[in-house]
Amino acid sequence: MSTLTIFSSTPAAGTTAPPAATGRTIPAVLGADLEVPVKGGRLVGYANLDYAASAPCLEPVSAAVAAALPAYSSVHRGAGYASQLTTARYEQARHTVRAFVGARPDDAVIFTRNTTDATNLLAGCLPAGTTTVVFDTEHHASLLPWQRSVRLAPPAFPGEAVRAADEALAGIDGPKLLVVTAASNVTGELWPIAALAHIAHRHGARILVDAAQLVPHRRLNLTALDLDYVAFSGHKLYAPFGAGVLVGRRDWLADGEPYLKGGGAVRSVGESAEWHDDPEPRHEAGTPNVLGAIALAAACDALTATGWTALVREEERLIARLRSGLASIDGVRELSLWGDDHPRVGIVSFTAAGYSAREVAEVLSSEYGIGVRDGKFCAHPFVRHLLGTADGGCEDDTASAVRASIGIGSTQEHVDRLIEAVRDLVTR
Ligand SMILES: Cc1ncc(COP(=O)(O)O)c(C=O)c1O
């Protein structure tokens with residue numbers, strides 16, 4: 001029989017920076033030895049190059065979930081020992097996530113289903129009359145939830161993003177929110193979020209950063225960057241257990257009406273409900289996804305313990321190899337907003353002359369055992385802009401691209417296999 005110990009739920013300091021690189025080895029992912037069938041019935045090792053959609057589970061994440069399961073119980077309202085233990089684990093997960101993003105001590109950390117849920121949650125809490133400023137380059141999760149928004153064209157260079165935001169925010173009266181992605185899910189390119197935060201605040205606006213594609217690849221410090229809100233998903237952060245998070249300033253969240261109404265969100269119920277003032281219970285009605293939160297926190301811990309220096313070095317080596325390999329193939333074009341030299345995370349989208357993106361992705365899977373994503377990546381206006389097309393929506397695969405994305409567990413063999421497979425295909 002296992003012994004239950006309630007570990008300390010001492011809050012981590014909101015501004016605690018993750019420690020420097022420890023020199024520890026990079027943790028393994030589950031499924032690294034997965035074999036998949038290819039044409040002819042052979043089995044080959046799966047080359048997962050689709051991390052930007054959903055990353056595989058880190059071993060320490062799976063271990064943390066397995067360790068929490070025997071005592072799994074209800075949270076917050078149970079007097080039983082297992083319930084207290086699970087509650088402590090759930091609340092510790094909140095502290096871990098807070099420290100991971102370098103949040104201020106008084107920021108809310110609300111567990112959501114994913115990034116989409118987080119942006120929609122914030123959208124429902126904006127003060128009346130808020131205008132949102134958003135670039136056409138955003139993922140639909142950050143482009144669509146806003147009731148009243150000003151949409152900005154894809155900027156030709158990073159400074160133009162700052163200038164366009166400056167001009168748009170200057171023209172808006174009343175509450176305003178700038179929404180921007182930190183790393184593009186289409187090109188991987190990094191956005192100038194510190195400069196955009198500065199501009200937003202100069203106009204009395206707030207900024208929400210969609211960090212779904214940043215946090216698996218780079219350290220984020222909300223306090224240092226002076227961001228108001230960040231959102232991201234566990235399943236892109238090696239924690240595929242159905243939790244995401246919204247972190248940021250409490251006041252709008254404390255005032256906003258919960259979209260999920262039910263037990264836990266209320267202080268008392270008579271003729272009407274009296275909602276909690278604290279954003280966390282207010283917006284986490286019902287039984288929360290405890291294992292998802294524990295998994296998300298375990299991923300944060302694992303990345304921090306590994307150290308960003310080691311992670312970034314390996315990712316940059318592989319992505320440089322992938323990009324130069326693809327660039328060496330006639331007819332292959334990488335999609336980029338700000339040019340070859342602009343810094344980016346481990347995401348590359350490309351087209352191959354003579355083939356639709358769907359054809360390329362299908363051949364890569366069925367003949368080479370490679371998993372990539374094809375389509376418009378839930379960023380229709382941006383992909384349309386990059387391809388210079390007017391497309392007919394999701395079903396129009398002539399206006400689509402192939403996306404290869406890497407992370408922990410990606411190998412040089414995976415990258416080289418993709419390059420050679422694309423080369424073979426376009427020279428058929
Ligand atoms: C930049 C970005 N934002 C938001 C999302 C939405 O994430 P989720 O599907 O986990 O809500 C994605 C997912 O691809 C993304 O890449």
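Whatever order the structure lists ligands and atoms in, that order sets their numbers, starting from 1.
Within the 4.0 Å heavy-atom criterion, neither part of Glu138 lies near ligand 1. At a heavy-atom cutoff of 4.0 Å, ligand 1 is contacted by both the backbone and the side chain of Thr116. At a heavy-atom cutoff of 4.0 Å, ligand 1 is contacted by no atom of Arg113, backbone or side chain.
Protein heavy atom at the shortest distance from atom 15 (C) of ligand 1 is His139 CD2, 3.3 Å. With hydrogens left out, the protein atom closest to atom 14 (O) of ligand 1 is Lys236 NZ, 2.6 Å, a heavy atom. In this structure, the protein non-hydrogen atom closest to atom 2 (C) of ligand 1 is Asp210 OD2, 3.4 Å.
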- Message: Using side-chain contact (heavy atoms from CB on, under 4.5 Å), reason through Arg403 and Val348 one step at a time and then give a plain yes or no.
- Response: CA-CA 6 Å; Arg403 182 179 70 189; Val348 177; over 6 Å; no

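Residue Ala141 approaches ligand 1 through these ligand atoms, each under 4.0 Å from one of its heavy atoms: 4 (C), 6 (C).
Under the side chain to side chain donor-acceptor pair (under 3.5 Å) rule, Ser233 has a single partner from Asp210, Thr112, Thr115, which is Thr115.
Residue Ser142 has no nitrogen or oxygen atom sitting less than 3.5 Å from a nitrogen or oxygen atom of ligand 1, judged on distance alone.
A salt bridge links Arg250 with Glu280: at least one charged nitrogen is closer than 4.0 Å to a carboxylate oxygen.
For the residue pair Tyr229 / Arg206, a side-chain donor-acceptor distance below 3.5 Å is found, with atom types taken as modelled.
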